[in-house]
Asker: 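Before we start, here is the structure in question, set down as structure tokens.
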Number of protein chains: 2
Amino acid sequence: MTTAETREESLSIGETAERTGLSVHALRFYEREGLLVGPVRRTTGGRRRYTAVDVDWLLICVKLRESGMPLADLKRFAELVRRGPGNEPERLRLLDAHQQRVDAQIRALEECRSVIAWKVGVYAEHLARGEAEGLWDPRA
Amino acid sequence: MTTAETREESLSIGETAERTGLSVHALRFYEREGLLVGPVRRTTGGRRRYTAVDVDWLLICVKLRESGMPLADLKRFAELVRRGPGNEPERLRLLDAHQQRVDAQIRALEECRSVIAWKVGVYAEHLARGEAEGLWDPRA
DNA sequence: CTACGATCTGGAGCGCGGTCTAGATCAAGT
DNA sequence: ACTTGATCTAGACCGCGCTCCAGATCGTAG
């Protein structure tokens, strides 16, 4: 097998980086910061081996980060999961609060988009007229 | 008039901050960075006075920033406007490119939202069952 | 055995977008 | 005249989220 992988359902840090979109630096950083649920397994030589469960968790992390969840909240979430069953209500509250923020963010972006679209329209119309005259608003 | 304003259609930096949502620090910072189209007028005493045109531009800036436009692009846009008529196609390209990014961002956020919503659903369902048994996925 | 690329650790450094401080000045109320 | 609060400038500083470096080690292909 040329492209190592050992087929033991575990991946090297490089492969994990590829699959998650995170850099190897970021993966080590996340681990140091306590953002992973379990400790990452290691080979006898000390190299990290990521399981499918690790990768799934990382993919969730990526989505939460991408939608703006701060690392501190992600860490809190990881801690809750790490502590095991019993705190599901708190996990739910955390996710739910984040979802609200995402919704608000989407609404804000949509408003921005409409303002920008209007500006684009102003210029497009201006140019369609053959840019003969300057825009009425000197700062448009 | 107790709450100064002089009614000469110009605002102090503090009033401008209130109306735009930017801090007075940010207003001075934006000015230093060349993000404003024209030089801000000053009183004889050296205090800034913002006109309605200034405020309108700032409101656009706020929307562009809120939707993720980097200060460098905003600066570029301000420069184009400052140079006056003739470069409208370039302004349009700049805005249009940004709009594309905003659209992509909205789509990305919507995907994140659906992943999060699914996770929330998993927890909600689990809790509805009376949290009798742990989640099948130890890292959910 | 050798070589080369991937990975390791600890810690420094960075880009962005402001934020804050110090010390002075201005302007308005009393 | 005095006090009080807003504003001024220049420049230092900050939080976040990585990113990069040095120097050592691992591990696989040839």
Side-chain angles (χ1 to χ4, degrees), chain A residues 1-8 10-36 39-50 54 58 61-78 98 101 105, chain B residues 1-8 10-36 39-50 54 58 61-78 98 101 105:
Chain A
M1 207 174 285
T2 308
T3 31
E5 196 153 324
T6 317
R7 249 310 150 251
E8 287 176 28
S10 94
L11 304 175
S12 73
I13 194 169
E15 293 159 340
T16 305
E18 272 179 40
R19 278 162 184 71
T20 59
L22 294 165
S23 69
V24 297
H25 297 294
L27 284 170
R28 291 193 279 245
F29 170 73
Y30 277 25
E31 185 178 340
R32 258 187 284 166
E33 293 296 299
L35 269 42
L36 275 55
V40 178
R41 279 182 31 227
R42 303 284 185 128
T43 65
T44 50
R47 270 80 220 276
R48 294 172 176 83
R49 298 306 306 186
Y50 294 84
D54 293 332
L58 284 168
C61 288
V62 166
K63 286 302 178 192
L64 292 174
R65 285 287 307 123
E66 196 178 333
S67 52
M69 181 182 282
L71 291 187
D73 289 13
L74 198 39
K75 181 173 182 177
R76 176 108 191 90
F77 189 37
H98 181 60
R101 284 189 297 265
Q105 218 183 135
Chain B
M1 212 176 280
T2 308
T3 31
E5 196 153 324
T6 317
R7 248 307 150 255
E8 286 176 27
S10 94
L11 304 175
S12 72
I13 194 170
E15 292 159 341
T16 305
E18 272 178 40
R19 278 161 183 71
T20 59
L22 294 165
S23 70
V24 295
H25 297 294
L27 284 170
R28 290 192 280 243
F29 171 72
Y30 277 22
E31 185 178 341
R32 259 188 284 167
E33 294 296 298
L35 270 41
L36 275 54
V40 178
R41 279 180 32 225
R42 304 283 186 129
T43 64
T44 49
R47 270 80 218 275
R48 292 172 178 83
R49 299 307 307 187
Y50 294 84
D54 294 332
L58 284 168
C61 289
V62 165
K63 286 300 178 193
L64 292 174
R65 285 289 305 124
E66 197 178 332
S67 51
M69 180 181 282
L71 291 187
D73 289 13
L74 198 40
K75 181 173 183 176
R76 176 107 190 91
F77 188 38
H98 182 60
R101 285 190 297 266
Q105 217 184 136

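Chain naming here is simple, since letters A, B, ... match the order of the sequence lines and numbering starts at 1 in each.
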Asker: What's the CD1-C1' distance between B:I13 and C:dA27, to the nearest Å?
Answerer: 16 Å

Asker: Please list each protein N or O that sits under 3.5 Å from an N or O in nucleotides 14-17 of chain C, with the distance.
Answerer:
residue: C:dG17; atom: OP2; partner: B:L71; partner atom: N; Å: 3.4

Asker: At what distance, to the nearest 0.5 angstrom, does CD of A:Q105 lie from NE2 of A:H98?
Answerer: 7.5 Å

Asker: Under the side-chain contact (heavy atoms from CB on, under 4.5 Å) rule, collect the residues that match up with A:E33, sequence neighbours excluded.
Answerer: A:F29, A:L35

Asker: Specify the separation, in whole Å, of atom CD of B:E33 and atom P of D:dT9.
Answerer: 14 Å

Asker: Which whole-number value in Å describes the distance from B:K75 NZ to C:dG18 P?
Answerer: 14 Å

Asker: Any side-chain N or O of A:R48 under 4.0 Å from OP1/OP2 of D:dC26?
Answerer: no

Asker: So if I take every side-chain heavy atom of B:R32 and compare against D:dT19, D:dC8, D:dG11, which nucleotide ends up nearest?
Answerer: D:dG11

Asker: In Å and rounded to the nearest 0.5 Å, what is the CZ to OG distance from B:R49 to B:S12?
Answerer: 5.5 Å

Asker: Indicate whether OP1 or OP2 belonging to D:dG27 is found under 4.0 Å from a side-chain N or O atom of A:T43.
Answerer: yes

Asker: Regarding A:R42, tell me which of base, sugar-phosphate or nothing describes its non-hydrogen contacts under 4.0 Å with the strands shown.
Answerer: sugar-phosphate

Asker: Between A:E18 (CD) and C:dA6 (P), how many Å, whole number?
Answerer: 11 Å

Asker: Once hydrogens and angles are ignored, does a donor-acceptor distance under 3.5 Å link the base of D:dT25 to the side chain of A:R47?
Answerer: yes

Asker: In whole Å, I'd like the distance from the CD atom of B:E31 to the C1' atom of D:dA10.
Answerer: 14 Å

Asker: Below 4.0 angstrom from OP1 or OP2 of C:dA6, is there any side-chain N or O of A:S12?
Answerer: no

Asker: Expressed as a whole number of angstroms, how long is the span from A:E15:CD to D:dG27:C1'?
Answerer: 14 Å

Asker: Nearest whole angstrom, please: distance from the P of C:dA27 to the CZ of B:R49.
Answerer: 10 Å

Asker: Between B:H25 and A:G45, which has a closest nucleotide on DNA chain C that is more 5'?
Answerer: A:G45

Asker: Run the numbers on A:E66 and A:K63 for salt bridge (charged side-chain N to carboxylate O under 4.0 Å, His left out), then give the verdict.
Answerer: CA-CA 5 Å; A:E66 196 178 333; A:K63 286 302 178 192; 3.7 Å; yes

Asker: Students often get this wrong, so: under 4.0 angstrom with heavy atoms, is A:R28 touching a base, only sugar-phosphate, or nothing?
Answerer: base

Asker: Minimum heavy-atom separation for A:G34 to A:A78, with atom names?
Answerer: O-CB, 3.9 Å

Asker: Given side chains that start at C-beta, do those of B:L27 and B:L58 come closer than 4.5 Å, heavy atoms only?
Answerer: yes

Asker: B:L27 CG to C:dT19 C1': how many Å, rounded?
Answerer: 13 Å

Asker: Salt bridge or not between A:R101 and A:D73? Use side-chain N to carboxylate O under 4.0 Å.
Answerer: yes

